[in-house]
Amino acid sequence: MHSPSQLKRDFLKQWLKGLQMCNYPKKEMSILERKKAIKLSADVAMASTRNATSCWSLALIANASKDGNNKCLVEHLLGQESERLKMASTFQLAILNKKLRSKKIIKKSCSVRRVKKLAPRMVLASSVAKRLAKNRTQLLKSLVPGGESMDEFSLIKETLDYIVSLRVQVDVMRCLANASDLLNCKGVHG
Amino acid sequence: MNRALPEMLHCLNMPGNVASGGGTADISVLERQRARMKWQQDQHFLIGNHELNVFSAQQLHQLQGSVSNDPGFAEYVTRALKPDPGMESGWPDVGKFGGDDHLGYGACGYGNVSGIEMNYEAIARTVSCPPTVAAAISEAAVTETKGKESILPEKLNSAAGRESFKKRKADKNHNLKVVAEEDVKDKRIKGCAEEGDSKITEQNSSSKANISNNNNRETSTDTSTKENSKVTEVQKPDYIHVRARRGQATDSHSLAERVRREKISERMKYLQDLVPGCNKITGKAGMLDEIINYVQSLQRQVEFLSMKLAAVNPRLDFNIENIFTKEIFPACASTYPTIEVSSEMANPAYFQLSPLQQVVSCCGLEMGINPPDMALKRTTSAPVSIPETFLDSSCFNQIQATSTWDSELQNLYSMEFQQGRSTTFPSQTFTGSIEGGNLKMEM
């Protein structure tokens, strides 16, 4: 795994590249558009640093590429990698969807067989616990990009990766925001 | 399970030769002690390590006379001693006790000293039951390479053991018969051996083997010792042998479930390290809660920061950083006299910068390289003042940072551009020809 500073540098480079690309087509953008552009370039840059090793990054890129406006930006940003990444992401998504569907079929067919023979109270407690855990897993799946098509085990691994990347992203963005703030102050005073 | 206690004792006594006369009296004493210990464990589980240590020390001394050397058992213990780093603090104390059998109990007792909760929990539960101790330790030995995973089998083993402990608690007051039935005894021993035999890796196709093993409980006791010695075989990395623990279902579904759960809980531990404030929470649902909160907060931070950046920069140009870095660089410029900065000199200078400044200077540099493109495109609408300021600072940055950042930037920027840049720089001096250089770059 890269050192965090190396990761930060990679992310920053990609991100700024993306921002410049955003800037070329239009001169004037509303604040919301700018924000979207910033966020998008940040996300794609983050995903590209992972270099298709993790599922969430591929899902993120795939989602970003779906939107027509963003497509060219994504392609430019990723450069020669973009084709490969896109292929990998679509491939992986297809596989995962298949897995999910087959799992659902198996579950439906097997659900009748397994009968729990525990005491009623224990059943209640365990089922409540399971339901809680299940709700939370669903929520986590909705948070992590591409999480819906993952089983619980790989979901946790993806979450780990995603948390690290998010942290790097937040750190770099915060630095940049602070720097901009300071510059603005200096610009105002000086 | 009424006869559980004496059978457990017999299980231990069988491999060695115990004087029968003394044995009977000792057994009843032993089982009473065990029952007491278990009861106390159940009561005092949450109180503290040292209590159990004291208690187990007592137990050890009392058991001294009746327990014979079990070479196989000692074997597991010695193997368990080496790998588990968490228990290292406890091991030096083990030497106090003489004999191999004591080593086992001492190990179990002092396993409590280790800071790892689960170890403590597992071994606390297993002190009273030597076969499950053997199981736990052999499991620890077998899964040594898996680090944290070794804790889990013990924990799960203890979870299974707990059920049997509760049942035996009721037997506390019974005066147990010395003569145990042969077949039941064999079952217990076989069960011990099998519990000791778990090797955990990947597939569950060996569940059939498990089921057949469970059915073999009626075989003679001779095989038990052989199996005990087989415990520490090297496990094949290809597939998992998962044994059904006592009191659990043996069908492949539940075995698969168990492996899955263990894998998940191992991963959750890594998450615990990553997410701040997760150390105290042990349940899966609570952990998931924390993780979800953390991810949500990070995502919200990203949104907020991107909004802030959008508000700060009306044109998304981020050239303002250059001015900022210009403020920083004068401080650094004093450290090196000449403008022609060699890479060796530039590196220490950059180490002096804080990470923020480094980051900013990095992006400042990139801004410096790209603005000429942007300047070209903005020929009509660009006011004169802005190009001057940013080109000023960009050249400043470039002079400082060229040599250091060249290698990094090669993969990002086109070669021709770099060549163009490198030709202009050596000829520039600090103040005079910067404008000239700027004009060149603008072209």
Side-chain angles (χ1 to χ4, degrees), chain A residues 5 8-9 12-17 19-20 22-24 27-29 31-40 42-43 110 114 129 132-133 135-137 139-140 143-144 152-153 156-157 159-160 162-164 166-167 169-170 172-184 186-187 190, chain B residues 251 253-254 260 263-264 267-268 270-271 274-275 283-285 287-289 291-292 294-296 298-299 301-318 320-325 327 355-360 362-364 366-367 370 373-374 377-378 381 408-409 412:
Chain A
S5 57
K8 281 184 191 175
R9 256 178 278 155
L12 183 64
K13 279 181 206 166
Q14 291 278 48
W15 183 30
L16 290 170
K17 209 165 94 168
L19 285 170
Q20 287 148 34
C22 287
N23 212 16
Y24 286 164
K27 309 288 167 56
E28 295 297 327
M29 281 194 269
I31 187 167
L32 284 174
E33 282 175 12
R34 284 205 301 273
K35 176 221 166 200
K36 271 194 206 153
I38 290 173
K39 184 155 186 296
L40 175 71
D43 288 341
C110 290
R114 302 163 69 176
L132 282 176
N135 286 344
R136 291 186 172 105
T137 340
L139 197 55
L140 190 59
L143 281 177
V144 176
E152 199 176 312
F153 182 56
I156 295 180
K157 183 170 140 226
T159 315
L160 272 169
Y162 188 55
I163 286 178
V164 169
L166 271 178
R167 263 208 214 154
Q169 199 175 358
V170 165
V172 171
M173 285 176 99
R174 196 180 289 142
C175 283
L176 203 59
N178 286 341
S180 306
D181 259 349
L182 279 165
L183 281 166
N184 269 349
K186 287 203 203 288
Chain B
D251 62 328
H253 283 292
S254 36
R260 190 182 135 264
K263 279 200 272 184
I264 286 176
R267 289 267 168 94
M268 296 288 256
Y270 292 129
L271 275 172
L274 204 60
V275 176
K284 188 164 151 185
M287 279 282 306
L288 280 173
D289 243 357
I291 292 164
I292 287 170
Y294 192 56
V295 170
Q296 273 175 340
L298 283 173
Q299 282 176 339
Q301 271 181 343
V302 168
E303 295 262 346
F304 170 71
L305 282 168
S306 60
M307 192 60 153
K308 188 173 172 188
L309 281 167
V312 160
N313 296 302
R315 260 167 314 201
L316 263 191
D317 44 14
F318 290 103
I320 307 172
E321 274 87 45
N322 302 334
I323 303 173
F324 179 55
T325 54
E327 304 294 303
L356 161 66
Q357 292 164 343
Q358 248 179 340
V359 158
V360 173
C362 166
C363 69
E366 291 162 284
M367 289 309 112
N370 283 309
D373 284 343
M374 294 162 80
K377 300 208 176 181
R378 283 202 235 168
S381 59
E408 281 195 55
L409 295 167
L412 287 182

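No hydrogens, no waters, no symmetry mates; every other heavy atom, side chains included, goes into these values. Chain naming here is simple, since letters A, B, ... match the order of the sequence lines and numbering starts at 1 in each.
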Flag side-chain contact, heavy atom, 4.5 Å: A/Leu176 against B/Leu305
no

So do A/Arg167 and A/Val164 actually touch side chain to side chain, heavy atoms under 4.5 Å?
no

With a 4.5 angstrom heavy-atom cut-off, could you sort out which part of A/Ala177 is near chain B: side chain, backbone, both or neither?
both

B/Gln299: which of A/Val170, A/Leu166, A/Val144 passes side chain to side chain contact (heavy atoms under 4.5 Å, CB included)
A/Leu166

So, the part of B/Phe304 with a heavy atom under 4.5 Å from chain A: the answer is neither

Under a 4.5 Å heavy-atom cutoff, which of B/Arg260, B/Glu303, B/Lys308 has the most pairs with chain A?
B/Glu303

Pick from B/Val275, B/Leu288, B/Ile264, B/Ile292: which one has the most heavy-atom pairs with chain A under 4.5 Å?
B/Ile292

Could you go through A/Met173 and B/Gln301, starting from their C-alpha distance and side-chain angles, then the distance that decides it, and tell me whether this counts as side-chain contact (heavy atoms from CB on, under 4.5 Å)?
CA-CA 9 Å; A/Met173 285 176 99; B/Gln301 271 181 343; over 6 Å; no

For chain B, which candidate among A/Thr159, A/Asp181, A/Leu132 shows the most heavy-atom pairs at distances under 4.5 Å?
A/Asp181

If you look at every heavy atom in A/Gln169 and A/Asp43, which pair is closest and at what distance?
NE2-OD1, 3.0 Å

